[in-house]
Amino acid sequence: MEFQYYLPVNLVFGRGKSDLIGEKAATLGKHALIVTGGQSTRKSGLLARAEKLLAKSNVAYTLFDQVTPNPLTTTVYDGAKLAIENGCDHVIALGGGSSLDAAKAIAFQVVNGGDITEYIYGKKTSDKALPVIAVPTTCGTGSEGNGFAVMTNPDTLDKKSLRCSAIVPAYSIIDPFLMQTMPKDTLASVGFDALCHNIDGYISTIAQPLTNILALEGARLAIGSLKKLYQGNGNESNWDDLCMASTLGGMVINTAGVTALHGLEHPVSGLRNAVHGRGLAALAPFVYEASICGAPEKFYLLSRLLGGNDENDFVAKLKELLADLHLTETLRDMGIEKNDVDWLTQNCCKVSAPSIANHPVVFTPDEIKRIYLYAL
């Protein structure tokens with residue numbers, strides 16, 4: 001047994017821990033760039049509370065509230081420009097995965113400049129960025145637990161992640177209380193994303209003992225809590241569990257990577273700005289059906305977690321969960337047409353080549369195209 005595991009993430013986990021935003025920020029600098037979207041953190045009161053906590057800790061701040069779902073590289077450039085103009089020395093992300101990813105990318109761009117896509121595609125490398133505090137308000141992307149920042153280039157529609165240890169948050173403040181204002185449809189999609197991160201990382205061919213342990217626990221926690229919370233039968237412990245599942249999933253994919261499911265979905269949300277979790281749900285039964293033969297022993301354990309008997313009923317049990325969460329949209333429902341499939345296939349092979357290579361069954365372009373057609 002040989003492996004190397006490195007993930008310098010600093011988790012501050014627990015109900016009410018968002019009260020520590022100001023205290024933690026004061027250890028990183030004197031002027032924060034707050035990165036968030038335009039609505040949810042205002043409506044929930046989190047933004048106003050964060051501003052008060054920063055003031056109490058004598059930390060100045062500049063607000064950048066232009067983040068949208070599936071954040072753009074152009075948004076990252078705008079945020080970095082604002083941070084530089086105001087002398088910001090650290091970044092605080094408030095919101096869902098899009099806000100966290102944008103904040104991490106902005107923290108990188110401030111220090112490194114230039115064309116961020118050159119770093120995304122590995123033409124350039126850097127191990128420097130401003131320190132980041134991540135305060136997630138959705139329990140799904142796991143961005144608080146890794147050094148990934150996913151963004152879309154509006155010129156090419158490539159949706160791909162910047163990967164760098166320097167953007168692992170200096171503090172990730174994970175407060176389950178912050179998740180409880182999510183609409184039900186958001187909860188379903190982000191919770192399913194959390195589950196898929198754990199599944200994808202678990203079946204990855206570059207998984208290792210530690211990621212397998214984390215992934216199985218993350219999948220167990222997500223399966224045990226998501227349906228209850230969606231149906232209104234959950235309790236505070238279930239919120240704790242789903243938040244932990246999300247964070248574990250983020251930590252898992254930092255080392256084991258995502259595999260073909262995420263690889264096929266990213267072109268969909270890049271092209272049509274689809275909700276990521278719903279894109280995953282549309283593709284998951286078809287991707288996993290074609291994957292079981294590559295890792296039957298792992299799908300056996302995953303099926304058991306879902307209440308199944310063995311790997312042969314994994315997909316059936318997954319479909320039951322998707323029906324319970326009302327995640328039943330097709331790719332066509334998301335605006336994908338048959339004449340988009342060739343572009344999706346080509347873009348998947350270009351943007352998601354490592355994810356495809358790490359899958360237990362390495363799909364050919366024709367097999368990828370066939371999965372897209374099934375998911376219509």
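Residue numbers run from 1 in the order of the sequence given.
- Heavy-atom neighbours of K17 NZ from other residues, nucleotides or ligands within 6.0 Å: at or below the threshold of 12.
- When all heavy atoms are compared, the tightest approach of S99 to V35 is O-CG1, 3.8 Å.
- If you check the side chains of Q4 and Q208, you find no donor sitting under 3.5 Å from an acceptor.
- Under a hydrophobic-cluster definition in which Ile, Leu, Val, Met, Phe, Trp and Tyr are linked whenever side-chain heavy atoms come within less than 4.5 Å, directly or via other members, L271 and L283 are assigned to the same cluster.
- The environment of Q39 atom CD is sparse: at most 12 non-hydrogen atoms of other residues, nucleotides or ligands sit within 6.0 angstrom.
- Proximity of a side-chain donor or acceptor of T141 to a complementary backbone N or O of S143 within less than 3.5 Å is detected.
- Ionic pairing of D115 and K124 is not present here: no N-O contact between side-chain nitrogen and carboxylate oxygen is shorter than 4.0 angstrom.
- Note that OG1 of T36 is 11.0 Å distant from CG of L33, once rounded to the nearest 0.5 Å.
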Can you list the steps and then say if Y121 with D158 is a side-chain hydrogen bond (donor to acceptor under 3.5 Å, both in side chains)?
CA-CA 11 Å; Y121 280 100; D158 291 352; 2.9 Å; yes

Derivation and outcome, side-chain contact (heavy atoms from CB on, under 4.5 Å), residues V252 and N212
CA-CA 8 Å; V252 165; N212 285 339; over 6 Å; no

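- At a threshold of 4.5 Å between side-chain heavy atoms, the hydrophobic network of Ile, Leu, Val, Met, Phe, Trp and Tyr places L178 and L54 in one connected group.
- A donor and an acceptor atom, one from each side chain of N273 and N70, are located under 3.5 Å apart.
- I371 CD1 to L331 CG: the interatomic distance, rounded to the nearest 0.5 Å, is 11.0 Å.
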Intermediate values then yes/no, side-chain hydrogen bond (donor to acceptor under 3.5 Å, both in side chains), D313 and S303
CA-CA 7 Å; D313 58 6; S303 180; 2.7 Å; yes

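- Here the side chain of N233 pairs no donor or acceptor atom with the backbone of L229 at under 3.5 angstrom.
- For S18 and D175, the side-chain atoms include at least one donor-acceptor pair closer than 3.5 Å.
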Applying salt bridge (charged side-chain N to carboxylate O under 4.0 Å, His left out) to D19 and R49, what does each step give before you reach the verdict?
CA-CA 8 Å; D19 289 342; R49 187 154 64 87; 2.8 Å; yes

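- A donor-acceptor contact shorter than 3.5 Å is absent between the side chain of T138 and the backbone of G140.
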Working for side-chain hydrogen bond (donor to acceptor under 3.5 Å, both in side chains), residues S291 and H359
CA-CA 8 Å; S291 308; H359 201 67; 2.6 Å; yes

Can you list the steps and then say if M182 with T137 is a side-chain contact (heavy atoms from CB on, under 4.5 Å)?
CA-CA 8 Å; M182 276 189 292; T137 60; over 6 Å; no

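- Between the CD atom of E265 and the OG atom of S352 there is a distance of 9.5 Å, given to the nearest 0.5 Å.
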I21 vs I133, side-chain contact (heavy atoms from CB on, under 4.5 Å): CA-CA, chis, key distance, verdict
CA-CA 8 Å; I21 290 172; I133 297 178; 5.5 Å; no

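- N146 places a side-chain N or O within 3.5 Å of a backbone atom of G250 that can act as its donor or acceptor partner.
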Begin with the C-alpha distance, continue with both residues' side-chain angles, and end with the deciding distance and a verdict on ring-ring contact (aromatic ring centres under 6.0 Å, His included) for H31 and H90.
CA-CA 7 Å; H31 193 137; H90 63 291; 8.4 Å; no

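- A continuous path of Ile, Leu, Val, Met, Phe, Trp and Tyr side chains, each step under 4.5 Å between heavy atoms, connects V268 with L280, placing both in one hydrophobic cluster.
- Using modelled atom types and a 3.5 Å distance limit, the side chains of T27 and Y171 yield a donor-acceptor pair.
- Within 6.0 Å of NZ on K350 lie more than 12 heavy atoms contributed by other residues, nucleotides or ligands.
- Nearest heavy atoms, K128 versus N112: O-ND2, 2.9 Å.
- When only modelled atom types and interatomic distance are considered, S204 and N358 share no side-chain donor-acceptor pair under 3.5 Å.
- In this structure, the side chains of I120 and M151 come closer than 4.5 Å at one or more pairs of heavy atoms.
- Considering only heavy atoms from C-beta on, L216 comes within 4.5 Å of L305 through its side chain.
- With no hydrogens or angles considered, no side-chain donor-acceptor pair links D101 and S98 at under 3.5 Å.
- The main-chain N or O of Y202 is found under 3.5 Å from a side-chain atom of K298 such that the two form a donor-acceptor pair.
- Remark: E320 CD to L322 CG distance equals 10.5 Å, nearest 0.5 Å.
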Going through the distances and angles, do F148 and C164 end up as a side-chain contact (heavy atoms from CB on, under 4.5 Å)?
CA-CA 7 Å; F148 293 2; C164 174; over 6 Å; no

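- Taking all atoms of both residues into account, the shortest heavy-atom contact from A102 to V76 is O-CG2, 4.4 Å.
- In terms of modelled atom types and a separation under 3.5 Å, the side chain of T75 and the main chain of P71 share no donor-acceptor contact.
- Using a distance-only test at 3.5 Å, with no hydrogens or angles considered, no donor-acceptor pair links the side chain of D200 to the main chain of G257.
- Side chains of E144 and T247: a donor on one and an acceptor on the other come within 3.5 Å.
- Remark: side-chain polar atoms of Q109 are not paired, donor with acceptor, to backbone N or O of G79 under 3.5 angstrom.
- Side-chain contact, R332 with T330: no donor N or O sits under 3.5 Å from an acceptor N or O.
- The shortest heavy-atom contact between A284 and L318 is CB-CD2, 4.0 Å.
- For the atom pair CD (E118) and OG (S126), the distance works out to 12.5 Å, reported to the nearest 0.5 Å.
- For the pair I116 and A105, the tightest heavy-atom approach, listed with the atom from each and the gap, is CD1-O, 4.0 Å.
- L248 CG to I253 CD1: the interatomic distance, rounded to the nearest 0.5 Å, is 12.0 Å.
- Donor-acceptor pairing under 3.5 Å is lacking for the side chains of T364 and D366.
- Residues N238 and K227 have side chains that never bring a donor and an acceptor to within less than 3.5 angstrom of each other.
- More than 12 non-hydrogen atoms from other residues, nucleotides or ligands lie less than 6.0 angstrom from NZ of K184.
- Using a 4.0 Å cut-off between a side-chain N of Lys or Arg and a carboxylate O of Asp or Glu, K30 and D89 do not qualify as a salt bridge.
- We find that D340 and R272 are joined by a salt bridge, their nearest charged nitrogen and carboxylate oxygen being less than 4.0 Å apart.
- Using cut-offs of 30° and 60° for the angle between ring planes, the H266 and H262 rings count as perpendicular.
- Between F314 and F299, the ring planes are perpendicular. Angles over 60° get that label, and only those under 30° would be called parallel.
- Residues L226 and F192 share a closest heavy-atom pair of CD2-N, 3.7 Å.
- For N254 and Y6, the side-chain atoms include no donor-acceptor pair closer than 3.5 Å.
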Is there a salt bridge (charged side-chain N to carboxylate O under 4.0 Å, His left out) between R42 and D65? Walk through the geometry before answering.
CA-CA 10 Å; R42 278 191 171 85; D65 60 357; 3.0 Å; yes

